Amino acid sequence: MSTRERFQQTMGDVRTAPAVELRGVSHLYGRRETAVRALDNVDVQFATGSWTAVMGPSGSGKSTLLHCAAGLERVTEGQVIIAGQDISAASDAELTELRRGPVGFVFQSFNLIASLTAAQNVAMPLRLAGRRPGRQEVHGALAAVGLADRARHRPRELSGGQQQRVAVARAMVTRPAVLFADEPTGALDTRAARSLLDLLRSMVDHNGQTIVMVTHDPAAAATADRVLFLRDGRLVDRLERPSARAVADLLASWDA
Amino acid sequence: MLRLSWSTFRDRWQVFIGAIVTVALGVALVQSSLLTLISAATARVPAGLSSAEAHRVRDGRDGALALLGNTLGLATFVAVFIVSSTFAFTVVQRYRELALLRLVGASRRQVRRLLFGEALLLGLVGSGLGVLAGLPVMRLQVWLLIRLDLLPDGFTSAWRTWVIGASVGAGVLIAVCGVAAASGRAARVRPLAALREAGGDARLMTVSRWLLGVVFLGGGIALLVIVPHVGPDAAIAMALCSCIVLVVAVAAFTPLLLPAASLLPRLFAVGPLGRLAHANLRADTRRGAATAAPIIVLFTFVIGMAGSLGTLGAAARHETASGLRADLVVTANQEMTARLAAVDGVAVVSEETPVAFDLGSVEDGKMTYESSDGLSVSPAEYGRTHRLAPRSGDLADLHGDTVAVLGSHWDVGDVLRTRIAGTPRDLRVVARYPATISGPQFLLPAGLGVERTDSRRYTIQVASGAFAAAVADRLRDAGLGRDGTVDTAAGWVRHEASDRQRVNTNVMVGLLALAMVYTVVAMVNAVVVAASSRGREFATARLSGLTRTQVIRMALWESTALVAVGLFLGGLTASATILSLVGAVQRIVGVTIVSVPWTLIGAVALGSLAVVGMTSVLTALAATRTPPVRLAGTRE
Ligand SMILES: Nc1ncnc2c1ncn2[C@@H]1O[C@H](COP(=O)(O)OP(=O)(O)OP(=O)(O)O)[C@@H](O)[C@H]1O
Ligand SMILES: [Mg+2]
């Protein structure tokens with residue numbers, strides 16, 4: 001049974017189960033004396049169909065949390081459970097399956113393949129999974145991010161915000177159950193950021209996808225269902241249904 | 001996947017063209033050496049020659065075969081080495097891109113398949129071009145070998161159609177093997193590497209690299225230890241072997257050695273630019289290693305071979321000079337012992353004639369003969385004009401069907417089965433001497449009727465009280481100078497040595513020239529490939545305040561440092577090889593003789609510096625043509 005099948009089965013069985021769960025996760029960079037404890041015994045659940053924002057000062061371990069939860073980084077201690085399956089000891093092939101199906105990424109730097117057009121970039125995950133992507137599928141994803149007319153452009157012919165949206169389209173095209181986004185609005189102006197956040201909102205509301213998003217922007221965090229605060233690798237606070245003001249206030253209180 | 005390969009190709013054509021060029025030239029070089037070797041091996045000795053002439057032709061051919069065999073071995077090694085390091089580098093250049101593919105769902109196998117597919121394609125195109133390029137290369141090689149007197153005039157190397165298959169097969173195989181090691185590592189690249197600035201894992205010294213390095217270093221050291229014990233004939237071939245093995249070891253350890261070795265230029269690179277260049281070298285060890293690899297190969301072989309041959313030459317000269325107890329040497333084409341002895345002041349005349357005979361050995365119950373060289377002498381006179389210290393036996397017994405051996409496994413009393421002038425003769429060993437560097441291996445008594453192969457030589461001792469110069473004049477006055485050349489012993493030794501030096505230089509040039517030209521192409525190639533992916537880095541440097549000139553100076557500093565590193569590491573391996581030869585010489589001659597080709601070292605160092613420096617300036621100029629802002633934001 002492939003990871004995806006197992007995943008779908010689990011999803012069918014237990015709708016209420018968290019899409020992703022971290023149990024006592026710690027992560028250390030480096031070895032012995034110079035080791036940095038980027039995550040320190042973190043317990044957290046990301047419910048299916050929810051949108052979580054992760055905040056915290058620079059170097060607090062937000063990206064590390066995201067990477068560990070997505071199976072890009074092996075945890076030093078603890079377990080990461082995606083759809084009921086413990087991935088902390090998964091093989092590389094299983095993790096690859098995960099990236100092809102239930103897990104998608106958007107990063108701050110756009111990470112498009114420079115030699116491919118926008119459409120080819122979007123189609124790449126499907127091709128890698130051995131599927132011949134339909135024109136409709138790819139164009140639909142590009143249209144959803146408002147770039148239908150830029151399909152044949154290469155990344156260097158696109159603006160930063162447009163590249164970011166291509167990356168989102170690429171993450172959407174496989175319809176991942178969980179989307180991990182690391183500062184996706186970091187390089188965007190307010191308008192572009194707004195439209196990207198709307199896009200994410202509709203993914204959660206209409207497709208039941210789960211989103212975990214790292215951000216420094218209280219306004220962006222406020223569009224999420226929940227905000228987690230991280231400091232020195234530990235979860236120190238959380239807000240449910242936050243408003244931008246409440247987020248900003250909390251950040252200020254932590255800064256003090 | 002194919003589409004991805006194609007669009008990657010369009011984007012990174014410098015990298016791939018570089019790979020194709022190395023495959024094509026490597027295949028051309030190997031194919032040319034192979035065809036020439038086969039042509040030389042199948043060439044027939046023309047009928048109707050006297051047995052001495054036939055012997056000379058056969059001798060020349062044996063020499064050419066040995067040389068061509070070594071050339072083929074060297075060409076193959078250099079081609080495999082350069083192609084695999086180029087392919088490994090092209091893979092490293094694309095770590096980020098491969099990590100990105102992994103991030104969006106590529107499996108390890110897919111990454112590997114992509115790389116192998118590309119290698120297959122590049123190998124096919126490259127070796128196809130190589131088969132064509134092999135034709136002019138072959139003509140050039142034959143022309144060179146004839147010019148250097150290593151092949152007879154009129155020698156032609158025949159084209160053989162089956163070589164297309166061999167060349168293409170070998171080219172593809174080399175390309176695929178070159179990518180095999182790199183692809184294993186590339187497939188293990190973590191997806192997260194796509195998010196980091198410097199792609200790839202930090203560990204440069206992988207287990208397999210360590211293993212390779214240690215095994216080859218061990219093998220190299222073993223060879224170096226053996227060299228002094230194999231005798232002068234095999235020593236040069238062994239030295240070449242040890243160069244090859246040690247170069248692989250050094251290349252394997254380069255990532256480890258480079259940071260330390262790059263401290264060397266750090267000492268000279270004062271100011272911020274030099275410091276930046278040094279830091280760049282340290283940070284991107286892979287790029288440095290790829291550029292340094294051909295330089296290391298070039299230095300190792302040129303210095304190692306020149307030093308080894310030079311040391312042997314110097315040792316031979318020393319040996320000849322110290323073994324000779326004569327005052328004058330006359331070389332002539334006719335018998336003149338009596339005429340020489342009649343001249344006033346001449347005390348001893350020893351006639352020494354280079355001869356050839358067939359030495360038989362029993363193989364599978366059948367007698368097979370192999371042409372051997374000896375020196376036909378009169379024992380009493382020879383013993384007086386030479387310093388001889390037999391291990392056993394006595395040269396005085398060299399009469400009739402006898403022989404004296406130098407540095408062989410026979411002992412006094414053994415019988416050599418030979419064929420002299422067509423008739424089988426059994427020669428009894430009467431004396432045994434230690435091995436010499438410049439030969440001969442056998443002393444035969446005069447009057448055995450052995451075929452002469454070269455001019456006669458007369459070593460002459462003058463009577464006590466007579467002046468050598470005066471006797472020489474008298475010899476010339478007697479008209480003996482017309483039929484031959486009269487020389488002082490020292491002068492003759494000098495001429496012999498310079499003759500040998502010329503032959504040695506020719507052999508070295510014939511052996512190394514094309515392969516070394518290939519390494520120079522590889523150097524240029526590596527610099528171009530490395531620079532092709534540095535546009536963004538250069539742009540960032542300029543945005544942070546460097547002028548274009550400063551960026552170019554930085555690139556120049558880096559290449560200077562790499563040449564220095566290559567010279568250092570290549571010099572190290574070459575020294576090891578030369579030292580082992582010094583050991584060999586010491587065992588034979590009993591004196592420590594070292595010949596370091598300083599002029600050559602200087603010339604090669606300056607030449608490489610010029611080539612690498614010029615290339616890096618040109619590529620840096622090209623890479624900085626676009627305004628920096630436009631590049632700094634893009635990903636590579
Ligand atoms: N590859 C690495 N090797 C060593 N230490 C690392 C590595 N990556 C991150 N760290 C360290 O781990 C800690 C957490 O880093 P992380 O990138 O998760 O922070 P972050 O919260 O995402 O910060 P930012 O908001 O600046 O992106 C930091 O102290 C960082 O220096
Ligand atoms: Mg971060």
Side-chain angles (χ1 to χ4, degrees), chain A residues 4 30 63-64 66-68 70-74 91-117 119-131 154-160 163 167 170-171 173-174 176 180 182-183 187, chain B residues 1-16 93-114 118 184 186-197 199 201-203 532-533 535-536 539 626 629-636:
Chain A
R4 185 188 301 207
S63 298
T64 308
L66 208 70
H67 296 159
C68 286
L72 291 174
E73 192 87 74
R74 284 204 191 281
S91 72
D92 182 79
E94 287 171 316
L95 292 176
T96 303
E97 276 295 315
L98 213 60
R99 287 196 286 276
R100 282 182 184 174
V103 167
F105 310 96
V106 180
F107 292 101
Q108 180 180 12
S109 51
F110 328 113
N111 290 302
L112 300 178
I113 297 173
S115 54
L116 298 180
T117 63
Q120 286 168 345
N121 262 294
V122 171
M124 187 47 74
L126 297 174
R127 287 187 181 280
L128 286 172
R131 287 213 288 131
R154 277 164 213 288
R156 61 170 160 296
E157 299 155 355
L158 298 171
S159 78
Q163 290 183 47
R170 181 179 64 189
V173 80
T174 54
F180 293 97
D182 198 345
E183 301 184 38
Chain B
M1 276 290 142
L2 215 71
R3 162 129 27 118
L4 182 65
S5 297
W6 172 238
S7 34
T8 328
F9 177 78
R10 257 188 328 193
D11 240 41
R12 293 184 169 268
W13 60 270
Q14 294 105 321
V15 176
F16 291 106
Q93 288 280 65
R94 299 169 53 204
Y95 260 15
R96 265 187 65 94
E97 181 187 315
L98 297 174
L100 198 52
L101 278 178
R102 295 277 287 132
L103 195 61
V104 296
S107 64
R108 281 182 180 166
R109 184 157 6 135
Q110 279 171 321
V111 168
R112 225 174 276 139
R113 214 161 53 204
L114 174 74
E118 283 171 8
R188 262 178 279 125
V189 70
R190 302 170 59 216
L192 267 185
L195 302 179
R196 305 237 158 88
E197 267 312 306
D201 52 317
R203 237 158 53 99
S532 73
S533 66
R536 196 167 91 96
T626 16
V629 225
R630 244 192 284 161
L631 281 172
T634 59
R635 288 270 180 207
E636 248 145 344

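We name chains A, B, ... by the order of the sequence lines, and we start the count at 1 in each one. Fair warning: this is a prediction, and the values are worked out from it, not measured in the lab.
A search for salt bridge (charged side-chain N to carboxylate O under 4.0 Å, His left out) contacts involving R154(A) returns nothing, not counting sequence neighbours. Under the salt bridge (charged side-chain N to carboxylate O under 4.0 Å, His left out) criterion, R99(A) pairs with no residue, sequence neighbours left out.
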#### Entry: Test salt bridge (charged side-chain N to carboxylate O under 4.0 Å, His left out) applied to R190(B) and D92(A), step by step
CA-CA 10 Å; R190(B) 302 170 59 216; D92(A) 182 79; over 6 Å; no
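Across all their heavy atoms, L103(B) and F107(A) have their closest contact at CD2-CE1, 3.5 Å.
Put simply, CD on E73(A) and CG on L192(B) are 5.0 Å apart, with the number rounded to the nearest 0.5 Å.
At distances below 3.5 Å, at least one donor-acceptor pair connects side-chain atoms of Q110(B) with backbone N or O atoms of L128(A).
R109(B) does not touch chain A: none of its heavy atoms, backbone or side chain, sits under 4.5 Å away.
V104(B) pairs in a side chain to side chain contact (heavy atoms under 4.5 Å, CB included) with only one of the listed residues (M124(A), R127(A), R100(A)), which is M124(A).
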